[in-house]
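Taking it in order: structure first as structure tokens, then the write-up.
Below, read A as the first sequence line, B as the second, and so on, with proteins coming before strands; counting in each chain starts at 1.
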Amino acid sequence: MHVPDGFLDAPTSLATAGVAVAGIAVALRGARRELDDRVAPLAGIIATFVFAGQMINFPVAGGTSGHLMGGALTAVLVGPYTGLLCMTVVLAVQALMFADGGITALGTNVVLMGVVAVVVGYAVFRGALLVLPRRISMVAPAAALGAVVSVAASAATFVLLYSVGGVVPIPFDTLLTAMLGVHVVIGVGEAVITFVVVAGIVTVRPDLVHGARRLVATRELETRLVSA
Amino acid sequence: MGAPHGHRLHFHGHSPLHRAPAHLKVAGLVGFMLVVVATPLAWAPSFAAYAVVLGVLVAVSGVPVAYLARRMVVETPVLVFAAVLPFVASGPEVEVAGVSLSEPGLLAAAGLLTKATLGVLASLLLAATTDPRDLLAGLERLRVPSQLVQIMGFMVRYLEIVTDELRRMRTARESRGFTARDPRHWPVLGRSVGALFIRSFERGERVHLAMIARGYDGSARR
């Protein structure tokens, strides 16, 4: 769920906006390294993909369903810098054109679902790849691990922000337990979806998965003499 | 393209609000909402004043109330959260219809509802009266980094292409007799998301090459 207007007080909203701006500035510089002059056209369509991916409902049980948040997934697929830009643009378009998520809470939403989800998700993903055997089939489980941790980290960050700038007196530990409890379940769902999506792409087009680049076997171009 | 080909998020009109420069509208929205969010809950009359201001703007814009009401469904999760608040917040309790509820929780729920509703309505009014292209130009005038605005521009252009692709994929799945009912069907949906990514990425690459062929050098031109 997106944080709406009036959920956190104005100073906290402005402070998170500052953090978001700093994160975006770093990402703008980094994305040029990941995509060079392809940044705008490719990041644009990846952002649209994230937006559309969030529209697919994954049925849980009894008519309820969940959807992907996509922070860790995007970071694994296109790299952390481009991933953060895509998440930012998705959140900005949702706030400005769909009124989903408050305009004053845009900074908060970018920090929670962009900066924290992407950075934590990608860090855990890379860490897991270091530990797991160096095989292309390990990319999907590592991405899934990144997804579950990123969702929990977002929820914990939200609780932290809320304890600073929340407008309702909810005891800190009650909120933390409730939010983490709910979000571990959501995170497991996110992990399963991320696993299936990444596994599917890695089998078909491993070259497109940014996080798998170092594992894709590259073959030198060679010229052989053919004796007749 | 004979039919009206405005964006479907935009309500075509010629009111003063439609004609106002986009960057002023965005700055106005952000300023207005910052004031709303910063207003203490105890100042109830000021919220009534904000509502009246918005009401007048809606009337001036000529956007039908039913159109805005339909699009306000995005607020549903906030309503659910506000309904939970009186049960989980701490502080002195009050009896309402035999159930003891937290008084600060009730107050906060009312405040959240008021502020979030004002926010959703104000944002919808901006979206309804501003063409996405003007909105992007407005953001650029507000010194949003041009790279970010360019990405948003591509997203706005791709939005319907990719959601149409998604719809075609669903039609294809359903015409083969597939309906997703429980988590056992997730692998199928997940592979659809994967296929959507590959198709999107390849489309992005084709568009990039086409742009280079037409002299694109990394900066946007209008």
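- A/F98 and A/F51 have their aromatic ring centers within a separation under 6.0 angstrom.
- The greatest number of non-hydrogen atom pairs below 4.5 Å with chain B, out of A/I24, A/L28, A/L77, is found for A/L77.
- Contact count against chain B (heavy-atom pairs under 4.5 Å) is highest for A/V93 among A/V93, A/V204, A/D100, A/I193.
- Under a 3.5 Å cut-off, the side chain of A/T88 and the backbone N or O of A/L84 do form a donor-acceptor pair.
- Partners of A/L14 under the side-chain contact (heavy atoms from CB on, under 4.5 Å) rule, at least two apart in sequence or in another chain, are B/L34.
- The candidate from A/A25, A/A99, A/C86 with the greatest count of non-hydrogen atom pairs under 4.5 Å with chain B is A/A99.
- Contacts of B/M211 with chain A are made by side-chain atoms alone, with heavy-atom separations under 4.5 Å and no backbone atom involved.
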List the steps and the verdict of ring-ring contact (aromatic ring centres under 6.0 Å, His included) for A/F7 and A/F158. CA-CA 11 Å; A/F7 207 81; A/F158 173 78; 5.7 Å; yes
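- Between the side chains of B/E174 and B/T179, no donor N or O sits under 3.5 Å from an acceptor N or O.
- With hydrogens and angles ignored, the 3.5 Å screen pairs a side-chain donor or acceptor of A/Q54 with a backbone N or O of A/M69.
- Highest contact tally toward chain B, considering only A/T48, A/V198, A/V196, is held by A/T48 [criterion: heavy-atom pairs under 4.5 Å].
- At least one side-chain heavy atom of B/V36 sits under 4.5 Å from a side-chain heavy atom of B/F47.
- Among B/L121, B/L189, B/L113, B/V120, the residue with the largest count of heavy-atom pairs under 4.5 Å with chain A is B/L189.
- Contacts between B/E205 and chain A at a heavy-atom distance below 4.5 Å involve backbone atoms as well as side-chain atoms.
- Proximity to chain A (any heavy atom under 4.5 Å) is restricted, for B/I212, to the side chain, taken from C-beta onward.
- Side chain of B/K25 to main chain of B/L135: no donor-acceptor pair is present (N/O by atom type, distance under 3.5 Å, no hydrogens or angles).
- Interface residue A/L96: backbone and side-chain heavy atoms are both found under 4.5 Å from chain B.
- In this structure a side-chain-to-backbone donor-acceptor pair under 3.5 Å is present from B/K115 to B/V37.
- Looking only at heavy-atom pairs under 4.5 Å with chain A, the residue among B/S200, B/G119, B/G204 that has the most is B/S200.
- The contact between B/L139 and chain A is made entirely by side chain atoms (from C-beta outward), counting heavy-atom distances below 4.5 Å.
- Proximity to chain A is absent for every atom of B/I161, based on heavy atoms less than 4.5 angstrom apart.
- A/A95 touches chain B through its backbone: at least one of N, CA, C or O sits under 4.5 Å from a heavy atom, while the side chain does not.
- For chain A, the option among B/R184, B/R191, B/M152 with the highest count of heavy-atom pairs below 4.5 Å is B/M152.
- For chain A, the option among B/G190, B/A127, B/A195 with the highest count of heavy-atom pairs below 4.5 Å is B/G190.
- Using a 30° and 60° split on the angle between ring planes, B/F32 and B/Y50 fall in the perpendicular class, above 60°.
- For B/L166, the part lying near chain A is the side chain, with the backbone staying farther off; criterion is any non-hydrogen pair under 4.5 Å.
- If you measure heavy-atom distances from A/V78 to chain B, the contacts under 4.5 Å come from the side chain alone.
- In this structure, chain A has a heavy atom under 4.5 Å from the side chain of B/L126, while its backbone stays farther away.
- More than 12 heavy-atom neighbours from other residues, nucleotides or ligands sit within 6.0 angstrom of OH on A/Y122.
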